[in-house]
Every structure is written in C-alpha cells, then in structure tokens.
Protein chains: 2
Amino acid sequence: MGYKYQKEDIIALGSELIRKNGYHNVGINEILKICAIPKGSFYNFFSSKEDFIAQSIELYGSKNLDLIRSFLEAKEPSPTQRLRNLYQYMLNINDQEGCNAGCLINNLSIELAGMNAPIAKIIDAQFQEMVVEIARCVQEGQDLGEITQTFSALYIAEYIHAGIGGAFSRMKAQNNRTYLDKWFAMTFEFIAAKAVV
Amino acid sequence: MGYKYQKEDIIALGSELIRKNGYHNVGINEILKICAIPKGSFYNFFSSKEDFIAQSIELYGSKNLDLIRSFLEAKEPSPTQRLRNLYQYMLNINDQEGCNAGCLINNLSIELAGMNAPIAKIIDAQFQEMVVEIARCVQEGQDLGEITQTFSALYIAEYIHAGIGGAFSRMKAQNNRTYLDKWFAMTFEFIAAKAVV
DNA sequence: TTCAATTTAAACCAATTGGTCTAATTCTTT
DNA sequence: AAAGAATTAGACCAATTGGTTTAAATTGAA
C-alpha cells in the first residue's frame with residue numbers, strides 16, 4: 001500500500017507547472033497547493049527545489065524517451081514517415097495545449113543551464129539519450145536512401161531535435177503553430193536525400 | 001547636461017544581467033546595485049519590472065538590428081558569405097563569453113512569452129524586424145543562385161534565425177560551442193542551392 | 001505486538017521580492 | 001531669480017521566497 005503521497009505524482013504535477021510557467025516563477029508553495037501536500041512531505045522526498053527539478057528532468061526525459069521509442073522502433077511505415085509522425089504528434093500536442101509551454105527540458109536549458117552546471121549536465125544527458133534514439137531511425141532512413149548522407153545520422157538527429165527547440169521559442173512568442181509547421185516542412189525537405197546529379 | 005542617470009545605461013546593465021541569469025532570477029535590487037542607483041530613480045524611468053524588460057527588449061532588439069545591418073547591407077562579399085560572417089560573429093561572441101547566456105530575446109521568449117501576452121508581442125515584433133533584414137540578404141542570394149529557391153527568402157530567414165535559438169539552448173546545456181558549429185555548417189549546407197539534375 | 005524508521009503535518013524562520021511613499025535635490029522654463 | 005516639474009534618495013511595506021523544525025501519525029520488520 002505504501003505511504004499517502006507518491007513521489008512521481010508530485011513530480012508529474014509540479015513539473016507540469018514549471019514547464020508552463022518557468023522554474024523561478026513557480027514557488028514550492030504553489031507546488032504544494034496543486035499536489036495538496038504539506039511542506040514536510042515535499043522535503044521528505046526532495047532535499048531542495050533544485051533536487052526536485054533535477055528529478056523532474058529525469059522522469060520527464062524518460063517518459064519522453066518512451067514516447068520517442070513508441071513511434072520510431074516500429075518496422076513500418078518508413079523511417080522518414082515514422083519521424084514525421086513523431087514530430088507531427090509533438091506539434092499537435094503543443095497546439096492542443098495552446099502553444100504556450102513547449103518542452104520542459106528545453107525551457108530549463110534556457111532558464112537554468114547557463115548558470116547551473118549540475119542541472120546543465122542532467123539536461124545534456126537527457127538530450128543525448130533522445131538523440132541516440134532518433135539517430136537510429138535516421139540511420140535506417142539513410143540506409144534506405146530516404147535521408148541525405150551528407151551528414152551523419154547523429155548530426156542529423158541533433159539538428160532535428162535542437163531545431164524543434166528553436167521552433168518552440170517562436171511558437172511561444174507568436175502563440176500559434178505557424179512557425180512549428182514551417183519548421184516541420186523545411187526540416188524534412190532539407191534532410192531528404194537529393195537526386196544524384 | 002541633463003540628470004544624473006541615463007535610462008539607456010540602466011537598461012544596458014540590467015538587461016545584460018537578465019540575459020545571463022534570467023528574468024525571474026534577477027531582482028530589482030540587484031539591478032540597482034550594479035547600476036549604483038537608488039530605487040526611486042529606477043521607478044522614475046520604469047513603471048514596473050515588466051516595463052523595464054519591455055523597454056530592454058526593444059533597445060536590445062534595435063542594437064541587434066544595427067549589427068545585422070552592418071553585416072548584411074554591404075555589397076560584398078557575396079550574400080551567403082555575408083550571412084556566414086554575421087552568424088560566425090554571433091557564435092564567436094557567445095564562445096568568448098563562455099557559452100552560457102545566448103540571446104536576451106530568445107531567452108525571454110522561452111521564459112516569459114508563454115504566460116505574458118504583451119511581452120510575447122514585443123518579442124515577436126523584434127524577431128520579425130530582424131527576419132525581414134535577413135530575408136533581404138537571402139533574397140539576394142537566391143537571385144544569384146547561391147541559395148535554394150525551394151522556400152521563400154522570408155521562410156529561410158525565419159528558419160535560420162529560429163534555428164540559432166535552438167542552437168543556443170544546446171550550447172547552454174553543453175557549455176561549449178560544439179553544437180553551435182554543427183548548426184552553422186548544416187544550416188548553410190541545407191540552404192545552399194543544389195545542382196539541378 | 002512492540003518499536004524504530006519513515007512519512008505526514010504545519011507552524012515558523014530569515015531573507016528577499018516587487019513596489020510605495022515622502023522628502024530633498026536638481027533641472028528647466030519663465 | 002523664482003516657480004514648477006522632473007529626478008534622486010532611501011526608508012519602508014506587505015507578500016512571498018526556499019527552507020527548518022518539532023511533533024504526531026503511519027508504516028514495515030522483528
């Protein structure tokens with residue numbers, strides 16, 4: 001049965017708040033409120049606010065990895081189409097929630113990574129795990145001749161995944177999915193294998 | 001002679017602090033300290049912290065626009081090379097300061113735009129002004145056959161400028177310019193005009 | 001069933017937050 | 001030179017910040 005509150009529930013609710021409103025803009029008290037837990041329980045699970053966000057990044061990252069795998073590990077459709085489906089899914093999610101939040105990890109990279117080395121390290125590790133997974137699919141696409149071989153699968157995967165971060169930044173300023181869709185169309189055109197001369 | 005403190009000096013010092021450490025992580029008192037001004041003077045120039053950041057975005061944006069023009073409005077070298085020089089310059093600046101800050105406007109877009117519509121509008125306006133300037137140069141490159149015509153000059157300009165935002169996010173998490181350079185090489189390869197089959 | 005360990009609970013804390021207020025000073029205009 | 005406006009100055013404020021503390025309740029193991 002266990003105890004009354006579950007750590008993962010606190011992370012789920014709290015990190016969602018921070019994803020939408022920012023780390024420094026969300027106080028512990030606000031997290032306690034939506035979780036309906038007393039302060040003592042929070043500090044029982046997390047040694048500090050920074051520890052909370054560190055664990056949040058890891059849980060959010062592992063869930064994200066699961067999502068990526070669920071799209072990319074299949075045998076069909078084609079690698080490129082699987083990648084398209086994954087990113088189209090992400091864009092739709094962002095659209096549905098109002099184009100005002102984006103990705104927790106990308107947001108924290110901008111807000112925290114520059115001045116907090118431990119957090120930067122955790123963010124970087126999560127990013128790399130995702131990129132490796134994406135690169136696997138890109139590699140498949142290259143082997144099939146769908147995707148350009150001008151750059152390595154890893155480079156292309158990094159390029160795609162960093163690119164959506166920039167797209168999220170535009171999305172939040174414009175509060176619509178316009179640039180998201182432009183980014184999608186252009187990126188997949190750019191990485192497509194070109195006809196050999 | 002005027003009065004003792006200049007509004008632009010306060011913006012210059014304060015916005016630099018916020019660019020490096022974030023909006024919610026920098027308090028008014030900290031800004032007063034590095035500017036060596038009393039609180040009364042700050043609130044004489046700015047009606048609130050939000051008003052301060054709004055004016056900061058506009059001044060930072062107009063200075064950035066000047067920088068962009070200084071690189072792109074020349075007649076030589078070629079349009080593509082002028083664009084390369086501009087972005088190489090930006091990457092170098094970020095490298096020199098330690099790969100931990102990035103662009104004020106991009107940072108604020110992530111930290112504030114999603115939950116602050118007035119600020120989002122100001123950010124978007126600044127972004128568009130810059131993109132128009134970049135698009136002019138891209139257009140020139142397209143006319144000369146240096147840059148792909150698969151997408152409009154405006155789209156390509158947006159793609160480049162949003163792309164560097166994503167690259168900054170990676171730069172901050174890795175605390176080095178590795179991804180910055182990858183982004184540079186790949187972006188200019190992708191937008192290059194391809195040989196016709 | 002006892003008992004130590006863990007978890008829950010919330011009052012409490014010093015420090016900081018953005019912002020106000022009043023007075024003194026400085027500037028510009030008449 | 002005098003008057004009115006703008007600026008400088010910093011003490012002050014309520015609210016909030018992340019975090020500590022102490023005590024009660026709950027848990028799993030012996």
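Quick note: numbers below take in every heavy atom, side chains included, and nothing from hydrogens, waters or symmetry partners. Note on naming: letters A, B, ... go to the chains in the order of the sequence lines (proteins, then strands), and numbering restarts at 1 for each one.
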- line: Across all chains, not counting sequence neighbours, the ring pair (Phe, Tyr, Trp, His ring centres under 6.0 Å) partners of A:Phe42 are A:Phe46, A:Phe52
- prompt: Which residues satisfy the side chain to side chain donor-acceptor pair (under 3.5 Å) test with A:Lys39, sequence neighbours excluded?
  reply: A:Asn29
- prompt: What residues, two or more places apart in sequence or in another chain, satisfy salt bridge (charged side-chain N to carboxylate O under 4.0 Å, His left out) together with A:Arg19?
  reply: A:Glu16, A:Glu97
- prompt: Partners of A:Ile34 by side chain to side chain contact (heavy atoms under 4.5 Å, CB included), sequence neighbours excluded?
  reply: A:Leu13, A:Leu17
Could you go over nucleotides 16-19 of chain D and give all protein N or O partners under 3.5 Å, atom names and distances?
from: D:dG18; atom 1: OP1; to: A:Lys49; atom 2: NZ; distance (Å): 2.7
from: D:dG18; atom 1: OP2; to: A:Ile28; atom 2: N; distance (Å): 2.7
from: D:dG19; atom 1: OP2; to: A:Tyr43; atom 2: OH; distance (Å): 3.0
from: D:dG19; atom 1: OP2; to: A:Lys49; atom 2: N; distance (Å): 2.8
from: D:dG19; atom 1: N7; to: A:Lys39; atom 2: NZ; distance (Å): 3.0
from: D:dG19; atom 1: O6; to: A:Lys39; atom 2: NZ; distance (Å): 2.4

Please set out all donor-acceptor pairs under 3.5 angstrom arising from side-chain atoms of residues 110-119 of chain B, sequence neighbours excluded.
from: B:Glu111; atom 1: OE1; to: B:Tyr23; atom 2: N; distance (Å): 3.0
from: B:Glu111; atom 1: OE2; to: B:Tyr23; atom 2: N; distance (Å): 3.4
from: B:Glu111; atom 1: OE2; to: B:His24; atom 2: N; distance (Å): 2.9
from: B:Glu111; atom 1: OE2; to: B:His24; atom 2: ND1; distance (Å): 3.0
from: B:Asn116; atom 1: OD1; to: B:Ile119; atom 2: N; distance (Å): 3.2
from: B:Asn116; atom 1: ND2; to: B:Glu50; atom 2: OE1; distance (Å): 3.4

Would you be so kind as to tabulate the donor-acceptor pairs closer than 3.5 Å made by side chains of residues 58-65 of chain A, with sequence neighbours excluded?
from: A:Tyr60; atom 1: OH; to: A:Leu104; atom 2: N; distance (Å): 3.3
from: A:Ser62; atom 1: OG; to: A:Leu59; atom 2: O; distance (Å): 3.2

- request: Determine the interplanar angle of the B:Tyr159 and A:Tyr159 rings, folded into 0 to 90°, and report it as parallel if under 30°, tilted if 30 to 60°, perpendicular if over 60°.
  value: tilted
- request: If a pair satisfies ring pair (Phe, Tyr, Trp, His ring centres under 6.0 Å) and one of its residues is in residues 61-86 of chain A, list it, with sequence neighbours excluded.
  value: A:Phe71-A:Tyr89
Table of protein N/O atoms under 3.5 Å from nucleotides 6-8 of chain D N/O atoms:
from: D:dT7; atom 1: OP2; to: B:Asn44; atom 2: OD1; distance (Å): 3.4
from: D:dT7; atom 1: O5'; to: B:Asn44; atom 2: ND2; distance (Å): 3.3
from: D:dT8; atom 1: OP1; to: B:Lys4; atom 2: N; distance (Å): 2.9
from: D:dT8; atom 1: OP1; to: B:Tyr5; atom 2: N; distance (Å): 2.7

field: Qualifying salt bridge (charged side-chain N to carboxylate O under 4.0 Å, His left out) pairs with a residue from residues 171-190 of chain A, counting only residues at least two apart or across chains
entry: A:Asp95-A:Arg177, A:Arg177-A:Asp181, A:Lys182-B:Glu158
Inter- and intrachain pairs under ring pair (Phe, Tyr, Trp, His ring centres under 6.0 Å), touching residues 132-156 of chain B, at least two apart: A:Phe190-B:Phe151
Proximity to DNA chain C (any heavy atom under 4.0 Å), residues of residues 9-18 of chain B only: none
